[in-house]
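Structure first, then comments.
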Amino acid sequence: AAASASASVDGSDPLALADALSAEYSIPRQVVLASIGASGYIGGNEGETVDVDAVRIILEGERMLTGTVDEYSEEAKLLASEGHDPYLTRRALAFADMNVDDARAILIADEEDEEEERRERTEYEAKVEEERRRIKAEEDRKSKEKAESEMKTVNVAAGFDPTAPSPAAAGGAAAAAGLQGLMGSGAGGGAGKSAAAPKGGGGGAPKPAKKEDVVFEITEEDQIQSLVIESPVPVLLDVYADWCGPCKMLTPALEQMATKAGGMFRLVKLNTDEHRSISQSLEVQALPTVFGVRDGKVVNSFQGMPRDEEALRNFMMGLLGAGSFDPPLTDAEVKKHASLSIKLLKVAGASSFPFSARERLQGRTKSLLDDLAEERGMADAEESAATVRSLLSNVIRDPFEAKFRRVNLENKVIQARVAAFPSCVSVLKSAGFVEKGGGALVLAEGKKAVNLAPLVVARDCIDKWIDRNRYNIAKAARKKRDEAERVKLAEETARLHAEAGEGDEYDTEDESEEVDPDACAIKVRMEGKKRVHELMMRADDPLSKLVESLPGGAAGEGEEVRVTCAAKRLIVKSTDEGAMAKSLRDHGLTPAAAVVVKIGGGAPSAAGGAAEGGSSSGLAERAAARKNRRKGSEATMQSVGIYSKDDNAKGELIDGGGGVWYEQDVTDDEEEGEGEQAEEERESGDEDGGSDDDSESEEA
């Protein structure tokens, strides 16, 4: 079946031929493709076909070659256990004359080539996909431009009133409405919703307003706050571009509407090319785009030219509050407009908040938080700062909710964490809150919208302050928890004692014993003995008193006493009257020490230089011995740690190269000097009595 299938495939489709021959010969597809390439097929030339017979001859040779290798041989099993394909393993062994290392190298090279080919194919497919998307985007752009060029345009006739009832409902002619559609569109003859005129309108058209009073052009981004957000009347925000054809048709019509409406709304024009950050915040995707803004909120929007007269009339009715939007807004549209309102507030506030004011607010907020930390402690200060941050975040998240713009200082939580500390109240006031009667702080009282910039700056300052002091805050919080746990444990212990009626007994046991700072405990061992005697003395007692307090009585007349403390590196002989007169504190034997005492071995007449020279001979001798053991041949930097095959290039191995190599003797001359001094001391000690010094060294 496989043979018949391959026979039915001609050489015009190399990929299909490879699949068929792979199934016929049970050979991996990549080997078949390599055989097709070896047959002389290049690809890409029009009318070129694969020489199927030549490919079959190559594949027969492949099958015969691999047949010479037993798939159960040790070499094949070893390479197959390493994860290589069994057929490719036999093929590689055949090429390598059963040499496992050479076969492994062939397999690894084939896998690397296959991986490289796969990567190139992925990159090529990505480029093709990118080109396809570019062509699709270009086609969409051309279709959009064509659709915009075919949009309807409108003119506003004299006496047009956007709040007046529709012509169909009033029974008048379409021409009397004032809005005529070009390109063959007639009057809005369909039955439309009638809406009452605004109060105070007197039933007639309002008096036209001056263009400069109702039509505004945004030249600076900080004008968004005053012209749009804080506008006393509804706003039509027209986002346009100079190169947009439909914009040039719609904008004049909106200007006529604004002037003829007599100030019932204002038109604010925004050039998207000059103020791209604002248009991006409003998610403008097509031009023209018109937003209806009332009380600082985006309530509705439309893109392109109005569908007809009735659609524009319904939009204006909903914006001016004389009626509802028709068709009604969906829940998704309401959520989208609410999100756009928050974004518009943020970009407007940030644009209208000067950099100098931002810096002053940042510095003041940081200073107030530092004062709060000094007043409350770091842990409690972090708790208060987090509460203030929560109050600011509530307003930023929903600036149109009145309850978030009022802080009740008499609330128990607010009173405990915020109101009781002037620093917290000052942070809120710096962000725009104003103190009102009744124990409350109010933000933007009497205004529909809020400038969010000071709130965002203050909140970000709190976040940075908390992050900068995170370690100290955690440390203080842990200390606070530990103190609370100790208090709780003490209360629980007192309660248990009270219940058991043993409070006095426990109190007596828990009383800590006072420690005498002048007490000195000396452990004394006589040389050659194992027993240790404990003597309680005072820190101000002289060392001679220790000698007098020795167990078994003081040393006899003329006997020399030597006191050795290895821990303190102290050796004192009784012939050294100055050292014996010093206190235990001066010798560093407080509050406890262990000493070894040797009696005898010297003559009083040798008290002069012999005592002085022998007092440290044992320690000096041991130090000299240690240094002599460490001391070896002279060493250089070459033998210490830097090696190179080429000694002449060592200067290039230091500090990134470019240096000069010097051989420096690193033998410690100071150690040699100390060794010589130790040798002199040892010789001096030998003159006083070598046997005593030997035992002294052992004791030390």
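Just so you know, residue 1 is the first one in the sequence shown, and it goes up from there.
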Show your working on side chain to side chain contact (heavy atoms under 4.5 Å, CB included) between Val239 and Val290 and close with a plain yes or no.
CA-CA 6 Å; Val239 183; Val290 179; over 6 Å; no
Distance-only donor-acceptor pairs under 3.5 Å for side chains of residues 228-236, two or more places apart:
residue: Glu230; atom: OE2; partner: Gln225; partner atom: NE2; Å: 3.1
residue: Ser231; atom: OG; partner: Val233; partner atom: N; Å: 3.3
residue: Ser231; atom: OG; partner: Val233; partner atom: O; Å: 2.8
residue: Ser231; atom: OG; partner: Arg266; partner atom: NE; Å: 3.4

Go through it in stages, so that I can follow the logic: the residues are Glu255 and Thr259, the test is side chain to side chain donor-acceptor pair (under 3.5 Å), and I'd like the CA-CA distance, side-chain angles, deciding distance and then a yes or no.
CA-CA 6 Å; Glu255 291 178 353; Thr259 56; over 6 Å; no
Is there any salt bridge (charged side-chain N to carboxylate O under 4.0 Å, His left out) pair reaching into residues 395-410, and which pairs are they, with sequence neighbours excluded?
none
All pairs passing salt bridge (charged side-chain N to carboxylate O under 4.0 Å, His left out) where residues 273-285 contributes a residue, at least two apart:
Asp273-Arg276, Glu283-Lys343
Hey, can you pull the donor-acceptor pairs under 3.5 Å for the side chains in residues 467-481, sequence neighbours left out?
residue: Asn469; atom: ND2; partner: Trp465; partner atom: O; Å: 2.8
residue: Arg478; atom: NE; partner: Asp482; partner atom: OD1; Å: 3.4
residue: Lys480; atom: NZ; partner: Asp380; partner atom: OD1; Å: 2.4

Could you tell me if Ser430 and Arg364 have a donor-acceptor pair between their side chains, going purely by distance under 3.5 Å?
yes
Salt bridge [X]-[Y], side-chain N to carboxylate O under 4.0 Å:
{"X": "Arg495", "Y": "Glu492", "value": "yes"}
{"X": "Glu138", "Y": "Arg134", "value": "no"}
{"X": "Glu123", "Y": "Arg119", "value": "yes"}
{"X": "Lys366", "Y": "Asp370", "value": "yes"}
{"X": "Lys136", "Y": "Asp140", "value": "yes"}
{"X": "Glu129", "Y": "Arg132", "value": "yes"}

So the side-chain hydrogen bond (donor to acceptor under 3.5 Å, both in side chains) pairs with at least one residue in residues 418-429 (sequence neighbours excluded) are Lys429-Glu435
Which heavy atom in Phe325 sits nearest to a heavy atom in Asn314, and how many Å separate them?
CD2-O, 4.1 Å
Sorted by chain and number, sequence neighbours left out, side-chain hydrogen bond (donor to acceptor under 3.5 Å, both in side chains) with Glu212 holds for none
Pairwise side-chain contact, Leu361 with Phe353, heavy-atom cut-off 4.5 Å (strictly under)
yes
